[in-house]
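Inspection log for the structure reproduced underneath, given as structure tokens.
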Protein chains: 2
Amino acid sequence: MVTIADVAEEAGVSISTVSYVMSGKRTISPTTRQRVERAIATLGFSPHAGARSLASRSTNVIGLQIPLRSGVDVHVVMEVVTGVVAQARTHGYDILLLTSDDPRGMERAAKGSMVDALLVMDIESDDPRIGVLTHLEQPTVLIGLPEGRRTMPCVDFDFEEAGWLAVDRLLAQGHRRLALIGSPAEVLARHTSYADRLARGFLAACAAANVVGSVHACPSSADATAVVDEVVAADPSVTGFLVHNESALPHVFARLVETGKHSSAKPGIVALCPEDVALSVPGPVDSIAVPAEAIGSAAADVICDMIAGGTPPGVRLIAPTLTVRTSTDVVATKHPSTTRAT
Amino acid sequence: MVTIADVAEEAGVSISTVSYVMSGKRTISPTTRQRVERAIATLGFSPHAGARSLASRSTNVIGLQIPLRSGVDVHVVMEVVTGVVAQARTHGYDILLLTSDDPRGMERAAKGSMVDALLVMDIESDDPRIGVLTHLEQPTVLIGLPEGRRTMPCVDFDFEEAGWLAVDRLLAQGHRRLALIGSPAEVLARHTSYADRLARGFLAACAAANVVGSVHACPSSADATAVVDEVVAADPSVTGFLVHNESALPHVFARLVETGKHSSAKPGIVALCPEDVALSVPGPVDSIAVPAEAIGSAAADVICDMIAGGTPPGVRLIAPTLTVRTSTDVVATKHPSTTRAT
DNA sequence: TCTGACTGTTGAAACGCTTCGACGATGTAG
DNA sequence: CTACATCGTCGAAGCGTTTCAACAGTCAGA
């Protein structure tokens with residue numbers, strides 16, 4: 001293994017000079033800088049991460065808690081992770097994967113100084129992990145939005161606003177009885193933050209328009225068609241559907257087309273999902289994109305800023321955008337509210 | 001921060017004694033052991049990972065390279081990751097996420113002593129990363145199976161055998177002209193290991209049975225139906241389909257049902273995908289499970305064993321199993337070849 | 001010419017842990 | 001009773017960085 005001492009010798013300078021060349025924390029004459037840089041290159045030196053973290057008390061690693069619970073959209077999770085990793089790298093950070101939903105995994109990583117900060121996904125409205133997290137020294141950012149007192153920064157897509165936006169669209173198309181075909185029952189049962197917020201926005205918008213809206217759990221399997229049938233059977237006047245379930249979307253779409261509830265001429269669906277999922281369905285459908293990768297990179301930005309000593313930004317929500325594909329008179333409507341910070 | 005010195009003082013022993021209690025590398029009397037353990041608990045001590053890695057020259061972290069390339073089945077990737085993480089944890093290892101397909105990311109992690117070993121997913125038949133990996137000090141395990149000289153251990157599902165198995169089943173059902181509806185074109189174009197091997201097994205089995213088999217790229221979107229139509233149009237005698245494309249499966253299934261190529265009475269499909277995907281389709285379909293999580297944990301076992309000094313196991317392939325759902329006379333056929341090690 | 005400020009460089013002290021060699025104390029065999 | 005392992009514990013030397021305090025040397029201002 002080649003150490004900083006080897007580099008120093010090769011370049012004919014002291015160890016500390018090499019260190020300062022690498023960190024840029026002190027002024028170095030151009031000539032020595034070049035000598036050192038050449039030595040680093042010829043020897044192929046890369047500093048020992050452990051030694052570095054011991055001396056500098058920082059690891060350049062961020063712990064990322066990702067959900068393995070049932071019912072989550074892997075597609076979305078994966079994209080968020082992609083965004084986090086890519087953006088963190090641009091700040092010089094690597095990602096340590098934490099998957100156990102037992103918060104002791106995060107505690108272990110934090111107390112063992114394995115990470116400089118923690119990023120937690122799959123937040124529930126009243127998340128038990130938050131208590132543990134507040135006791136840690138490392139800054140923490142949540143991807144999601146718990147209810148009540150928010151003691152730590154949150155980053156997420158504005159699902160509540162998305163609910164309003166979807167209802168707006170369905171109302172504009174003349175629908176007067178709406179249904180939200182949502183996440184699987186287990187996701188709703190544990191009050192996953194995004195599902196709660198979407199339902200809240202959806203129901204509030206319905207109420208504001210004096211229209212009946214109902215929320216339905218939906219499995220990610222082909223059984224989704226059965227849910228559609230039940231919803232329609234229970235109240236045949238339902239004509240407008242907000243679908244927020246990536247895996248179920250193809251089935252729901254197919255069934256609503258079969259039953260005449262959705263067609264290009266008479267659209268009855270707004271889908272809430274990543275763009276490519278909306279496009280993969282056999283026919284046009286209006287959709288609100290879940291900008292999963294953008295959420296991830298925003299979260300990475302926030303947390304890197306906090307590590308650097310920036311002030312915690314409170315809540316950062318990414319505004320929803322509706323893309324219309326079922327009518328030619330409008331192409332895309334950007335919702336007025338832009339990204340808002342609290 | 002509480003250090004090992006604090007623990008030593010609290011317990012009234014020396015620092016080294018505390019260390020030996022934790023590592024178990026020397027005999028310690030029951031009484032001191034208890035005193036130390038109590039001290040650790042009361043102070044909530046957890047050793048500094050960086051210091052540890054500096055002194056012991058090992059990090060207890062495994063680098064995991066996961067693919068972000070287009071066309072891969074996120075579902076499968078996610079499950080593999082799950083298996084890796086969970087199993088690695090049982091061996092005391094954490095996972096550092098590496099996503100850039102640029103091998104310099106892995107080089108950086110390895111040369112900076114951030115990881116004890118590397119696990120590389122999404123292997124291509126002639127993978128350019130392998131050259132870089134062989135120069136690293138850390139052991140490396142591939143999830144996939146490159147062609148040619150195999151200089152490093154490989155773990156994967158036996159896709160080639162799966163091809164034979166699927167053909168067996170389709171032949172047994174009387175089909176005499178088969179088609180493999182496979183991965184997206186970009187996956188085939190870069191000769192992703194699993195796609196190549198599946199095609200090889202499929203074509204070899206067809207040839208052995210003196211039956212015509214053809215391989216077709218298929219996008220993950222609704223355009224999959226168009227592929228089905230093209231295949232059938234090009235040769236209407238095709239009646240047996242092996243489908244290996246998680247996202248396309250619902251569309252392919254639907255189209256084949258519509259065109260009368262598949263039904264419970266006259267099944268024409270064998271699906272190669274995770275179990276839950278096969279079950280999510282609206283109707284029974286025979287399938288060969290891709291045991292993604294098992295692949296991940298097998299890989300983790302192999303790599304942990306290598307770190308511990310075990311001899312590299314060569315190639316480890318998990319045998320395929322066919323699950324029959326379209327006929328009541330057979331329930332499940334375990335293929336004769338069991339997990340084989342080379 | 002002297003003083004003080006600034007520049008570029010250095011030596012050495014941490015950082016928190018593992019592990020080697022050593023050392024009493026105790027047990028065992030001759 | 002002596003000689004010699006064995007057991008349990010300890011002190012201290014690293015591991016490879018960062019960073020502080022210090023120090024020559026240069027330069028500008030008085």
Side-chain angles (χ1 to χ4, degrees), chain A residues 1-37 39-40 43-61 92 108-116 137 307, chain B residues 1-37 39-40 43-61 92 108-116 137 307:
Chain A
M1 171 176 205
V2 31
T3 73
I4 197 174
D6 301 330
V7 175
E9 193 179 7
E10 168 85 14
V13 298
S14 75
I15 288 179
S16 36
T17 301
V18 176
S19 178
Y20 285 125
V21 166
M22 293 179 41
S23 70
K25 292 191 179 176
R26 277 258 228 282
T27 47
I28 299 284
S29 72
T31 41
T32 24
R33 148 164 285 115
Q34 278 170 20
R35 277 222 310 284
V36 170
E37 276 164 354
I40 290 176
L43 296 180
F45 168 68
S46 44
H48 187 286
R52 201 166 227 192
S53 96
L54 180 56
S56 70
R57 331 196 109 263
S58 79
T59 60
N60 274 32
V61 173
R108 198 175 49 81
K111 297 196 37 170
S113 299
M114 308 179 71
V115 298
D116 290 343
E137 287 187 356
I307 295 172
Chain B
M1 172 175 205
V2 31
T3 74
I4 197 174
D6 301 330
V7 175
E9 193 179 7
E10 169 85 14
V13 297
S14 74
I15 287 179
S16 39
T17 301
V18 177
S19 178
Y20 286 124
V21 165
M22 293 181 35
S23 69
K25 292 192 178 176
R26 277 208 185 165
T27 49
I28 299 284
S29 73
T31 40
T32 22
R33 148 163 284 114
Q34 278 170 22
R35 278 223 310 283
V36 171
E37 276 164 356
I40 289 176
L43 296 181
F45 168 67
S46 43
H48 187 286
R52 202 167 226 191
S53 94
L54 181 56
S56 71
R57 333 196 108 262
S58 79
T59 61
N60 273 32
V61 173
R108 198 176 49 81
K111 296 195 39 168
S113 298
M114 308 180 70
V115 299
D116 291 343
E137 288 188 354
I307 296 171

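In what follows, chains are A, B, ... by sequence order, proteins preceding strands, each numbered from 1.
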Looking only at non-hydrogen atoms, find the nearest pair between [X] and [Y] and report the distance.
X	Y	value
B:Val36	B:Val7	O-CG1, 4.3 Å
B:Asp116	B:Ile307	CB-CD1, 4.0 Å
B:Lys111	A:Gly44	NZ-O, 2.8 Å
A:Val61	B:Met114	CG2-CE, 4.3 Å
A:Gly50	B:Ser53	CA-OG, 3.4 Å

Quiz prompt | Neighbours of DNA chain C within residues 1-9 of chain A, by heavy-atom distance under 4.0 Å | solution =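 The answer is none.
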Quiz item: Between A:Thr17 and C:dT9, is there a side-chain N or O to OP1/OP2 distance below 4.0 Å?
Solution: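 For C:dT9, neither OP1 nor OP2 has a side-chain N or O of A:Thr17 closer than 4.0 Å.
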Practice problem: May I ask you to evaluate whether A:Arg57 reaches the phosphate of C:dG16, defined as a side-chain N or O under 4.0 Å from OP1 or OP2? | Solution: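 Yes, such a contact exists.
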Quiz item: Are any of the side-chain heavy atoms of B:Ile40 and B:Met22 separated by less than 4.5 Å?
Solution: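 Of all side-chain heavy-atom pairs linking B:Met22 with B:Ile40, at least one is under 4.5 Å.
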Practice problem: Answer whether the closest heavy-atom distance between the side chains of A:Thr17 and A:Ile28 falls below 4.5 Å. | Solution: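 The answer is yes; the side chains approach within 4.5 Å.
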Quiz item: What residues in residues 21-32 of chain A put a non-hydrogen atom under 4.0 Å from any atom of DNA chain D?
Solution: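 Heavy-atom contacts with DNA chain D come from A:Lys25, A:Arg26.
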Quiz item: Which residue lies toward the 5' end of DNA chain D, A:Ser16 or B:Val13, if each is placed at its nearest nucleotide?
Solution: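 Going by which nucleotide is closer to the 5' end, it is B:Val13.
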Rounded distance in Å - [atom1] ([X]) to [atom2] ([N]):
X	N	atom1	atom2	result
B:Ile40	C:dC17	CD1	C1'	13 Å
A:Tyr20	C:dT10	OH	P	12 Å
B:His48	D:dT17	NE2	P	15 Å
A:Ile15	C:dA14	CD1	P	17 Å

Practice problem: Mark yes when over 12 heavy atoms from residues, nucleotides or ligands other than A:Glu9 sit less than 6.0 Å from its CD; otherwise mark no. | Solution: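 No, because the 6.0 Å sphere around CD of A:Glu9 holds 12 heavy atoms or fewer from other groups.
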Quiz prompt | Where at least one partner belongs to residues 22-36 of chain B, residue pairs that pass salt bridge (charged side-chain N to carboxylate O under 4.0 Å, His left out), sequence neighbours excluded | solution =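 Qualifying pairs, neighbours excluded: B:Arg33-B:Glu37.
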Self-check item: Closest to side chain of B:Pro47, choosing from D:dG11, C:dG11, C:dC17
Solution: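 Within the option list, the nearest is C:dC17.
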Quiz item: Which of the following nucleotides, C:dC15, C:dT10, C:dC20, is nearest to the side chain of A:Ser14?
Solution: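 Of C:dC15, C:dT10, C:dC20, C:dT10 is nearest to the side chain of A:Ser14.
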Practice problem: Select base, sugar-phosphate, or nothing to describe what B:Ser56 touches, counting heavy atoms under 4.0 Å on all strands. | Solution: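 Sugar-phosphate contact only.
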